[in-house]
Amino acid sequence: MEVTMERHIATWTVDGKPDVSAEVGELIIDGNSIEFYSRNCKEVFPCAFVGYDGEHKYKVFTRGQWRTGKYRTIDNAAAYAVTCVLQQNCDFQQGMIIDGIQEASFIIPELVDWLEVPTVQYSATETGELFAEEINPPPIILHDNNPHIEIQFESESFTKYLDKNDITTFILKNQPRLFIIYSESCDVNRVLADVRAVMQFFGLMIGHVSDVEDLRLVKENQRCRGWLYINRDYSYNLRTMGMTDQKRTTFGGMNYQVQEFFERWYAFYHDETFSFIRRMYFSANNRKDMFLEDILVQYIRILEGYDLRVSKDEGTSQEVRKAINQVEKEIKKLIFSEDGKALFTSALEKVVPDWKYNASHAGMIASWIASGYLGRKSLDDRIKSLDDRYLNIISLNARNVLSHARKHPLAEEISNEEAIRIFIHKIVATRNYFSHYKTEPTDVLESDQMYDTLNVLKALIIMIWFSQMGMEREMIRQIMIRDSELRFQTMCLQEKPVEQ
């Protein structure tokens with residue numbers, strides 16, 4: 001479905017403020033990007049504007065005034081930060097909420113090619129006349145209960161036709177549409193969270209997604225249907241997708257296990273433990289431009305955060321700290337004994353001459369002990385641990401990436417084991433340099449090496465996400481081998497690893 005920019009110039013009133021006169025305004029909808037301008041320049045707090053363009057009613061929800069966008073045509077107008085726009089031909093609910101939603105449905109343009117499900121076929125009559133007819137495939141269920149999520153095939157036949165040279169051409173089309181059906185009505189925030197979960201899942205499976213299109217809402221106690229336009233970037237991987245990149249997977253290639261994978265992903269998506277690092281990954285892969293160095297630092301932070309969570313080291317450290325606080329008196333007795341006093345005084349005064357040995361330092365020393373537990377595992381160790389669990393993608397690329405250095409290329413006599421250690425050390429050193437703005441770029445990867453390393457780390461993170469979907473190790477390997485975007489970094493996986 002090709003999305004064209006919509007421009008609606010009308011008079012707009014402020015919702016809930018009948019005393020404020022209507023003013024000319026301009027609503028511009030370009031996929032999942034929305035701009036709104038009004039000659040009412042006085043609204044600085046979140047508010048909603050209601051307008052009618054002669055055909056449809058619109059309610060524009062804003063967070064207040066914002067910077068001017070790219071497509072404004074009216075002058076003397078203030079720009080407003082739009083969150084979403086609701087279109088319907090019945091009266092709007094007053095206020096800044098959209099609730100009572102029972103069903104939402106939308107289109108992902110890239111889904112039809114990923115499914116590879118035939119929806120139209122050619123046939124012939126007994127007299128040999130050719131004709132085309134629709135095929136109505138059964139729904140594909142993604143999630144069973146609350147919400148129920150499925151893909152239905154919606155007929156668009158005869159809704160589009162072309163007249164040219166006295167010939168009328170009708171278009172037959174069955175478009176896959178995602179349906180999210182709730183057992184209890186909900187508000188728009190719940191709907192948008194579920195839409196994002198679906199978009200992220202298919203972004204990983206297909207390799208890229210663009211926009212949420214034609215988002216329809218069915219609300220309780222409301223006969224007319226509503227359309228929701230969102231001002232959020234739900235795209236994935238469009239910035240790095242090449243012209244010749246192919247789909248990462250297909251529906252049939254997943255052995256039709258899509259429901260199993262999605263239900264696992266949906267649970268992972270709503271797991272607050274991993275929510276932040278998951279959001280950071282998709283934020284680094286939407287449409288906005290980012291420096292390569294910033295993405296590299298973000299990927300390493302994601303990997304570190306993931307290992308901290310799955311190893312539960314951070315929680316264990318907190319428990320250690322609590323336990324130490326509970327036995328603080330006993331600690332004082334131990335470290336402030338004659339032997340302890342001599343030991344700590346000798347050690348600390350060498351480094352900090354002004355350090356005074358007194359009872360108030362007991363809590364500080366206890367905190368050092370707890371922090372030491374958390375720091376016992378270095379970032380190098382965490383990256384190596386993840387690499388060992390996910391097909392050794394870093395180890396297998398180590399020698400190749402290091403050999404690309406212009407200043408100090410890897411010597412041939414260095415063993416593979418040492419090359420792996422050096423590569424991981426350089427990854428960490430690069431992260432520290434760009435994250436902490438260090439003065440000296442010691443052991444930092446060169447620019448050409450950073451590009452390859454970025455793809456290696458991205459492949460590792462994608463494999464982690466696939467494992468959270470419940471994919472088996474061999475299926476993940478087969479997918480990554482065929483990945484057209486990362487193929488130069490994943491071709492090393494072609495040789496099946498020996499089971500440990």
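All of these numbers come straight from a predicted model, not from anything done at the bench.
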Which atom pair, heavy atoms only, marks the closest approach of [X] to [Y]?
X	Y	value
Leu86	Leu217	CD1-CD1, 4.1 Å
Lys59	Gly95	NZ-O, 2.8 Å
Asn397	Phe488	OD1-O, 4.3 Å
Gly226	Gln88	CA-CB, 4.2 Å
Ile393	Ala459	CG1-CB, 4.4 Å
Gln259	Asp144	NE2-OD2, 3.3 Å

With no hydrogens and no angle check, just 3.5 Å: does a side-chain donor-acceptor pair link [X] and [Y]?
X	Y	answer
Lys17	Asn40	no
Asp452	Gln489	yes
Asp233	Ser235	yes
Tyr182	Glu220	no
Gln222	Gln93	no
Asn237	Glu485	yes
Ser467	Tyr390	yes
Tyr281	Tyr236	yes

In chain order, what residues pass the side chain to side chain donor-acceptor pair (under 3.5 Å) check against Glu116, with sequence neighbours excluded?
none
Can you find a pair of side-chain heavy atoms, one from [X] and one from [Y], that are under 4.5 Å apart?
X	Y	answer
Met199	Ile108	yes
Thr68	Tyr37	yes
Arg248	Ile479	yes
Asp187	Ile101	no
Val198	Phe106	yes

For a side-chain hydrogen bond (donor to acceptor under 3.5 Å, both in side chains) check, start with the C-alpha distance between Asn432 and Ser435, then their side-chain angles and the critical distance, and finish with the verdict.
CA-CA 5 Å; Asn432 292 339; Ser435 184; over 6 Å; no
Between the side chains of [Y] and [X], is the shortest nitrogen-to-carboxylate-oxygen separation below 4.0 Å, so that they form an ion pair?
X	Y	value
Arg39	Asp75	yes
Glu154	Arg177	yes
Arg389	Asp307	yes
Lys247	Asp113	no
Glu103	Lys219	no
Arg477	Glu474	yes

Indicate yes or no for a side-chain donor-acceptor contact from [X] to the backbone of [Y] under 3.5 Å, with no hydrogens or angles considered.
X	Y	result
Arg239	Asn286	yes
Thr62	Cys47	yes
His143	Asn145	yes
Asp53	Glu55	yes
Tyr299	Val456	no
Gln65	Val44	no
Asp294	Met290	no
Asp483	Leu486	yes

Validation: residues 200-210 side-chain donor-acceptor distances under 3.5 Å, sequence neighbours left out:
unit_1: Gln200; atom_1: OE1; unit_2: Arg278; atom_2: NH1; d: 3.0
unit_1: Ser210; atom_1: OG; unit_2: Glu110; atom_2: OE1; d: 3.4
unit_1: Ser210; atom_1: OG; unit_2: Glu110; atom_2: OE2; d: 2.6

For Phe153 and Ile135, what are the C-alpha separation, side-chain angles and deciding distance, and is it a side-chain contact (heavy atoms from CB on, under 4.5 Å)?
CA-CA 9 Å; Phe153 292 86; Ile135 303 173; over 6 Å; no
With Leu178, which of Asp194, Leu215, Leu142 fulfils side chain to side chain contact (heavy atoms under 4.5 Å, CB included)?
Leu142
Quick one: disulfide (SG to SG under 2.5 Å) partners of Cys41, sequence neighbours excluded?
none
Can you confirm if the aromatic rings of [Y] and [X] lie within a centre distance of less than 6.0 Å?
X	Y	result
Tyr256	Phe251	yes
Phe36	Trp66	no
Trp465	Phe268	yes

Under the salt bridge (Lys or Arg N to Asp or Glu O under 4.0 Å) criterion, do Arg72 and Glu26 qualify, and how do the steps go?
CA-CA 8 Å; Arg72 184 183 72 172; Glu26 181 178 28; over 6 Å; no
Do Thr453 and Ile427 pass the side-chain contact (heavy atoms from CB on, under 4.5 Å) test, and can you show the C-alpha distance, the side-chain angles, and the key distance before you say yes or no?
CA-CA 8 Å; Thr453 303; Ile427 290 172; 3.9 Å; yes
Working note: His270 + Tyr266, criterion ring-ring contact (aromatic ring centres under 6.0 Å, His included); need CA distance, chi angles, decisive distance, verdict.
CA-CA 6 Å; His270 287 285; Tyr266 189 81; 4.5 Å; yes
Taking atom NZ of Lys42 as the centre, does the number of heavy atoms from other residues, nucleotides or ligands within less than 6.0 Å exceed 12?
no
Asn146, CG: over 12 other non-hydrogen atoms inside 6.0 angstrom
yes
As a quick check of understanding, evaluate side-chain hydrogen bond (donor to acceptor under 3.5 Å, both in side chains) for Gln175 and Asp214, giving each step before the final call.
CA-CA 12 Å; Gln175 173 73 49; Asp214 196 22; over 6 Å; no
Stepwise salt bridge (Lys or Arg N to Asp or Glu O under 4.0 Å) test for Asp99 and Arg190:
CA-CA 9 Å; Asp99 58 10; Arg190 169 73 187 277; over 6 Å; no
Report the C-alpha distance between Glu304 and Tyr306 in whole Å, list the side-chain angles of each, state the deciding distance to 0.1 Å, and finish with yes or no for side-chain hydrogen bond (donor to acceptor under 3.5 Å, both in side chains).
CA-CA 5 Å; Glu304 182 180 20; Tyr306 182 80; over 6 Å; no
Applying ring-ring contact (aromatic ring centres under 6.0 Å, His included) to Tyr80 and Phe49, what does each step give before you reach the verdict?
CA-CA 10 Å; Tyr80 287 84; Phe49 294 86; 4.9 Å; yes
Hey, mind stepping through Asn455 and Leu457 against side-chain contact (heavy atoms from CB on, under 4.5 Å) and telling me if it holds?
CA-CA 5 Å; Asn455 282 347; Leu457 298 179; over 6 Å; no
Whether Tyr58 and Tyr229 hold their rings parallel, tilted or perpendicular, with breakpoints at 30° and 60°
tilted
